[in-house]
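Presented below is the structure to which this report refers.
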Amino acid sequence: MDTHSALYEQGRKRLEELRQLPPRQDKSLQERMLEHGISRRDFMKWSASVTALLALPLPFSNLVAEAAELADRVPLIWLHLAECTGCSESLVRADTPNLDSLIFDHISLEYHETLMAAAGWQAEENLEHALKTYKGNYLLAVEGAVPTANNGAFLTVGCKGHTGLEIVKEAAEGAAAIISVGTCASFGGVQAAAPNPTGAKGIYEVVDKAVVNLGGCPPSEKNIVGTLMYFIMFGRLPALDMYNRPKWAYGARVHDNCERRGRFDSGEFVEQFGDEGAKQGYCLYKVGCKGPYTYNNCPTERFNHHVSWPVLAGHGCMGCSEPNFWDDMADFEKPLGRQLLHGLDATADTIGAVILGATVVGIGAHAVASLFAGSSKED
């Protein structure tokens with residue numbers, strides 16, 4: 001309780017400091033909400049849900065609401081390196097604007113190659129101006145891996161031909177905090193898959209500052225906005241796991257919160273895509289689901305306005321929020337445990353315990369029997 005009280009006071013002090021700064025947007029968040037038919041009641045419900053997402057007590061919802069309204073006081077510089085822009089798409093592509101996308105619109109977005117109108121020399125000047133004007137105060141978000149081979153020559157950006165490596169190092173130097181958005185920026189992603197000819201690396205490997213990693217291909221828009229809100233509210237990054245991912249988002253295994261977990265415990269598995277088990281929503285472990293080895297909140301937060309996520313849609317988790325997933329999690333449609341254990345089958349939870357040091361979770365006899373049944377035929 002004392003810890004929460006101290007954190008609350010820290011947030012209160014931080015927001016009071018932000019309130020003294022002039023707004024950078026011509027419209028308030030309330031005006032933007034009114035334009036899109038979002039009520040104050042909806043806003044407070046959203047604030048409560050973000051508070052719960054961040055694993056904070058309910059009284060913090062007032063701070064979340066205030067932080068959202070003051071979001072335009074925090075300069076945000078968003079860089080694009082070796083990537084597909086899918087992480088930005090995760091956040092901004094919506095059929096109708098919701099509060100997550102409105103917060104992103106309301107924040108003081110000083111540079112974002114995909115969304116800004118400027119191009120060419122004007123875009124270069126915008127970035128240089130933002131880096132200089134807001135030095136020491138801006139939040140830096142980076143999307144995409146950093147090619148480092150040949151001094152970064154595999155990625156050049158803009159009319160001046162600076163390498164991505166040069167740009168991210170310069171931008172990181174003056175950042176108040178750094179967020180790697182997506183698995184590419186966090187761990188190198190598919191660009192870093194073997195043999196990795198461009199020497200692609202995660203942001204944390206090329207800068208000398210702490211970096212928060214939002215693993216996922218793409219990460220949930222909730223994880224992006226939640227991390228932004230935490231920084232706006234407290235002026236610092238949240239508690240992180242061993243891979244520098246926010247614990248509130250990446251603290252639980254996909255397997256443990258999956259809606260198909262009951263099927264796993266009952267020994268009900270999809271044997272091949274399109275079979276009767278697939279139609280009945282059986283567990284996808286035997287057709288390659290990597291949920292037992294993956295830490296993310298996909299089952300609880302989902303995507304596209306909380307509509308769905310890959311496992312609910314019928315394909316197993318690929319483990320995309322984990323380091324080196326492209327190499328370590330393949331084949332994506334075969335059980336990972338049999339490969340790692342050289343043909344010896346085992347339960348998903350036991351494999352997870354061996355690989356990740358997780359606590360072994362007991363499962364039903366039906367699950368064990370079903371996993372072992374026919375293993376010699378499949379292997």
Side-chain angles (χ1 to χ4, degrees), residues 18 21-27 29 32 68 70-93 100-147 152 155-182 184-186 202-204 206-207 209-214 218-219 221 223-225 227-232 235 237:
L18 291 180
L21 300 175
R24 295 191 178 93
Q25 298 284 5
D26 56 351
K27 294 182 180 180
L29 180 61
R32 291 174 181 270
L70 297 174
D72 65 328
R73 270 72 163 183
V74 179
L76 173 63
I77 296 175
W78 189 297
L79 300 179
H80 290 262
L81 301 180
E83 43 76 45
C84 68
T85 315
C87 300
S88 289
E89 293 279 5
S90 173
L91 184 56
V92 304
R93 175 165 288 191
D100 289 327
S101 58
L102 280 184
I103 294 301
F104 191 65
D105 287 340
H106 185 59
I107 202 169
S108 182
L109 189 58
E110 301 297 325
Y111 184 86
H112 189 296
E113 293 166 14
T114 306
L115 302 179
M116 67 186 183
W121 291 100
Q122 185 181 6
E124 292 276 353
E125 291 171 358
N126 286 356
L127 178 57
E128 292 170 359
H129 176 267
L131 293 177
K132 181 178 179 181
T133 304
Y134 306 114
K135 186 174 183 178
N137 296 312
Y138 60 80
L139 178 60
L140 176 64
V142 186
E143 186 174 350
V146 188
L155 173 66
T156 58
V157 181
C159 51
K160 295 184 179 180
H162 293 307
T163 67
L165 182 60
E166 292 171 332
I167 294 170
V168 75
K169 284 188 173 183
E170 180 183 4
E173 184 178 348
I178 306 171
I179 300 175
S180 292
V181 184
C184 295
S186 297
I203 307 305
Y204 78 96
V206 301
V207 302
K209 288 187 174 181
V211 179
V212 58
N213 293 324
L214 301 182
E221 65 270 18
N223 292 353
I224 300 172
V225 172
T227 303
L228 293 175
M229 291 302 303
Y230 194 98
F231 177 78
I232 293 169
L237 299 176

Is there a side-chain contact between [X] and [Y] (heavy atoms, below 4.5 Å)?
{"X": "K160", "Y": "W121", "value": "yes"}
{"X": "V207", "Y": "V146", "value": "no"}
{"X": "I203", "Y": "L81", "value": "yes"}
{"X": "H129", "Y": "E110", "value": "no"}
{"X": "F104", "Y": "L109", "value": "yes"}
{"X": "L228", "Y": "I179", "value": "yes"}
{"X": "Y134", "Y": "I77", "value": "no"}
{"X": "V157", "Y": "L79", "value": "no"}

Give, for atom [atom1] of [X] and atom [atom2] of [Y], the distance between the pair rounded to the nearest 0.5 Å.
{"X": "H106", "Y": "L70", "atom1": "NE2", "atom2": "CG", "value": "7.5 Å"}
{"X": "Q25", "Y": "D105", "atom1": "CD", "atom2": "CG", "value": "8.5 Å"}
{"X": "S108", "Y": "L76", "atom1": "OG", "atom2": "CG", "value": "8.0 Å"}
{"X": "L127", "Y": "E113", "atom1": "CG", "atom2": "CD", "value": "8.0 Å"}
{"X": "R32", "Y": "I103", "atom1": "CZ", "atom2": "CD1", "value": "9.5 Å"}
{"X": "L139", "Y": "I107", "atom1": "CG", "atom2": "CD1", "value": "6.5 Å"}

Identify the two heavy atoms, one from [X] and one from [Y], that lie closest to each other, and give their separation to 0.1 Å.
{"X": "L140", "Y": "A175", "value": "CB-CB, 3.8 Å"}
{"X": "P23", "Y": "R73", "value": "CB-NH1, 3.7 Å"}
{"X": "F231", "Y": "A177", "value": "CE1-CB, 3.5 Å"}
{"X": "C87", "Y": "P218", "value": "CA-CB, 3.9 Å"}
{"X": "M116", "Y": "A123", "value": "CE-CB, 3.4 Å"}
{"X": "P219", "Y": "V181", "value": "CG-CG1, 4.2 Å"}

Quiz item: Are there more than 12 heavy atoms of other residues, nucleotides or ligands under 6.0 Å from atom NZ of K27?
Solution: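 Incorrect, the count does not exceed 12.
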Practice problem: Kindly check if the number of other-residue, nucleotide or ligand heavy atoms within 6.0 Å of CD (E128) is above 12? | Solution: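 Above 12, so yes.
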Keeping [X] on the side-chain end and [Y] on the backbone end, is there a donor-acceptor pair under 3.5 Å?
{"X": "T227", "Y": "N223", "result": "yes"}
{"X": "T85", "Y": "S88", "result": "no"}
{"X": "N213", "Y": "S180", "result": "no"}
{"X": "E83", "Y": "C184", "result": "no"}

Self-check item: Full working for side-chain contact (heavy atoms from CB on, under 4.5 Å) between Y138 and L131
Solution: CA-CA 8 Å; Y138 60 80; L131 293 177; 3.3 Å; yes
